Amino acid sequence: MHIAVIGTGVVGACTAAWLQRDGHRITFIDPLEAGEACSFGNAGSLSPSACLPVGMPGMWRNVPKWLLDPEGPLVIRAHYLPRILPWLMHFMRASSEKEVTRIAGAVRDLLRPVFECYEPLLQRAGGSSLIRRNGCLYVYSSRESAQRWKWGMDLRRSLGVEMQEVDSDELADLEPALKGLFRFGQFAPDNGSTPDPSALVKAIYNQAIRDGATHKKTLVTDFEIKDGCVDRIVLDNGERLAVDGVVVAAGAWSAKLSRKLGARVPLESQRGYHVTVKDPNVRLERNVMAVEHNMMVNPMTSGLRLAGTVEFAGLTAKPRYSRSEALFRKGQELFPGLEGSDKSYWMGHRPCLPDSLPVIGKAPRAENVFLGFGHGHVGMCGGASTGREIANLVSGREAEIDLSPFSPTRFQ
């Protein structure tokens, strides 16, 4: 079949590669080059343990304090507050212990096979070196401080995540740069990361092109539906592309397309910022999550990347790179030797649903359209497994995980 994949981020690239394994012909549709947007600027985590939703029990108590801090972990620009309020109310409802337990179980199922699902794609693309499987460290100022996150860590363990407690000496053995800076940690040995998330996506995409895929660098404006299936896609240059199937994997820009296909989802952009320091004077071997500061630090090919803030302001507001600068200043507090003479800032749009679950499934109005977006903070972690599951749906095979929690119609 000829399948149009709308989006060349990690989900779109991986889905196309899995579909090609079944013999389908692929046309990518995206005005951007592959591996840009969030697939360029994310923190690079490939972590089966990253199953906890953004909204956790009791988080609401911190929201007023965060909102009063213009450089805090959560910022809502004033003009956007009326629009985001319904989303926030749903977000709070999804933050109860019962809901968080349900959501974490579903996300754990999606992320558990992260390496299994990337492996055949990267082997074929010659990109196996773009994955590191050397674990991740969650670090704290003290064992006592870590107790504030005990409920979530216990939930992870109950879902089969291995978390090894390490004291300050063991931390220093694992990462000498942490010596004297953190007093307690938890090591997740099954986690990993990529030193270059954009290169990982480009490797899979480029192999898809070598395997016969084409790329139309334009936008989709509409779908022509006949007998319950999309038979043509209308592009903004006026072209009407004949297709046998469609995958919508356009990240934060997927909501408008999905509405045309009968799926009304409260998709928002959690605008994320990073700072990447080219010559940081701090050497790390693996991902480090400074939990108390909501900051992930990852050594990458381009330098040391620090990420971890959320801003609500929509898709069109200009970036405020003071948030990236605040990340750097916090990094200097955590790592006093951090050098910043050569650093770069970035802002991107994380596609997020209020329950922290992506949309994965068939579009309500079209039997041959499949949706895969809304992965929020776990796009790199869940991109390959999402691609595998969409390929299963397209080919009529039984899904390998329970997809009901990710239903496109769960908000209707």
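Note that the coordinates shown come from a computational prediction; the quantities given were computed from them, not determined experimentally.
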Heavy-atom check, side chain of H24 versus side chain of S395, under 4.5 Å: yes

Short side-chain donor-acceptor distance under 3.5 Å, E311 and T309: no

Spacing of CG belonging to D196 relative to OG belonging to S129, to within rounding of 0.5 Å: 10.0 Å

Nearest non-hydrogen partners of A203 and L130, listed with the distance: CB-CD1, 4.1 Å

N/O donor-acceptor pairs under 3.5 Å from side chains in residues 369-378, not counting sequence neighbours:
residue: H375; atom: NE2; partner: T386; partner atom: OG1; Å: 2.8
residue: H377; atom: NE2; partner: Q270; partner atom: OE1; Å: 2.8

pair R286-E175: side-chain heavy atoms closer than 4.5 Å: yes

Non-hydrogen side-chain atoms of V297 and L304 separated by less than 4.5 Å: yes

Inter- and intrachain pairs under side chain to side chain donor-acceptor pair (under 3.5 Å), touching residues 253-265, at least two apart: none

Pair Q207, R210: side-chain N/O donor-acceptor within cut-off below 3.5 Å: yes

Indicate every side-chain donor-acceptor pair of residues 277-284 with a distance under 3.5 Å to a residue at least two apart or in another chain.
residue: N281; atom: ND2; partner: G337; partner atom: O; Å: 3.3
residue: R283; atom: NE; partner: E285; partner atom: OE2; Å: 3.1
residue: R283; atom: NH2; partner: E285; partner atom: OE2; Å: 3.1

Any pair counted as side chain to side chain donor-acceptor pair (under 3.5 Å), so long as it reaches residues 46-56, sequence neighbours left out: S45-S47, S47-N191, S49-Y138, S49-N191

Nearest non-hydrogen partners of V243 and V246, listed with the distance: CG2-CG2, 3.9 Å

All pairs passing ring-ring contact (aromatic ring centres under 6.0 Å, His included) where residues 192-223 contributes a residue, at least two apart: F28-Y205, Y205-H215

Partners passing side-chain hydrogen bond (donor to acceptor under 3.5 Å, both in side chains) against R93 (at least two apart in sequence or in another chain): none

Inter- and intrachain pairs under ring-ring contact (aromatic ring centres under 6.0 Å, His included), touching residues 383-409, at least two apart: none

Closest non-hydrogen atom pair, R350 against C38: N-SG, 3.5 Å

Those residues that, when tested against S269, pass side-chain hydrogen bond (donor to acceptor under 3.5 Å, both in side chains) (two or more places apart): H349

Closest approach of N298 to A43 (non-hydrogen atoms, all atoms of both residues): ND2-O, 2.8 Å

M89, CE atom: more than 12 neighbouring heavy atoms under 6.0 Å: no

Salt bridge (charged side-chain N to carboxylate O under 4.0 Å, His left out) contacts touching residues 30-53 (sequence neighbours left out): E33-K217, E36-K202

Nearest atoms (heavy-atom pairs only) where A252 meets L267: O-CD2, 3.7 Å

From CA spacing to verdict: side chain to side chain contact (heavy atoms under 4.5 Å, CB included), L110, L357: CA-CA 10 Å; L110 181 67; L357 292 169; over 6 Å; no

Any residue meeting side-chain hydrogen bond (donor to acceptor under 3.5 Å, both in side chains) with S145, in chain and number order, not counting sequence neighbours: E292

R183-S142 side chain donor-acceptor pair, cut-off 3.5 Å: no

Heavy-atom check, side chain of S128 versus side chain of Q123, under 4.5 Å: yes

Closest heavy-atom pair and its distance - S302, R305: OG-NH2, 3.9 Å

Summary of ring-ring contact (aromatic ring centres under 6.0 Å, His included) pairs that have at least one residue in residues 87-135, sequence neighbours excluded: W87-F91, W87-F312, H90-F411

Close side-chain approach of C14 to L121, heavy-atom, < 4.5 Å: yes

Verdict with reasoning, V394 to D22, per side chain to side chain contact (heavy atoms under 4.5 Å, CB included): CA-CA 10 Å; V394 170; D22 288 330; over 6 Å; no

Sequence-distant partners of R133, side-chain hydrogen bond (donor to acceptor under 3.5 Å, both in side chains), two or more places apart: none

Chi angles and distances behind the side chain to side chain donor-acceptor pair (under 3.5 Å) call for N237, T218: CA-CA 7 Å; N237 61 6; T218 185; 4.6 Å; no

Criterion side chain to side chain contact (heavy atoms under 4.5 Å, CB included) on L334 and L181, from CA distance to verdict: CA-CA 7 Å; L334 299 179; L181 303 177; over 6 Å; no

Flag side-chain contact, heavy atom, 4.5 Å: F187 against E170: no

Residue pair Y80, E268: steps toward the side chain to side chain contact (heavy atoms under 4.5 Å, CB included) verdict: CA-CA 11 Å; Y80 206 69; E268 274 293 340; 2.9 Å; yes

Any side-chain heavy-atom pair of L353 and P358 under 4.5 Å: no

Minimum side-chain heavy-atom gap L178-L137 below 4.5 Å: yes

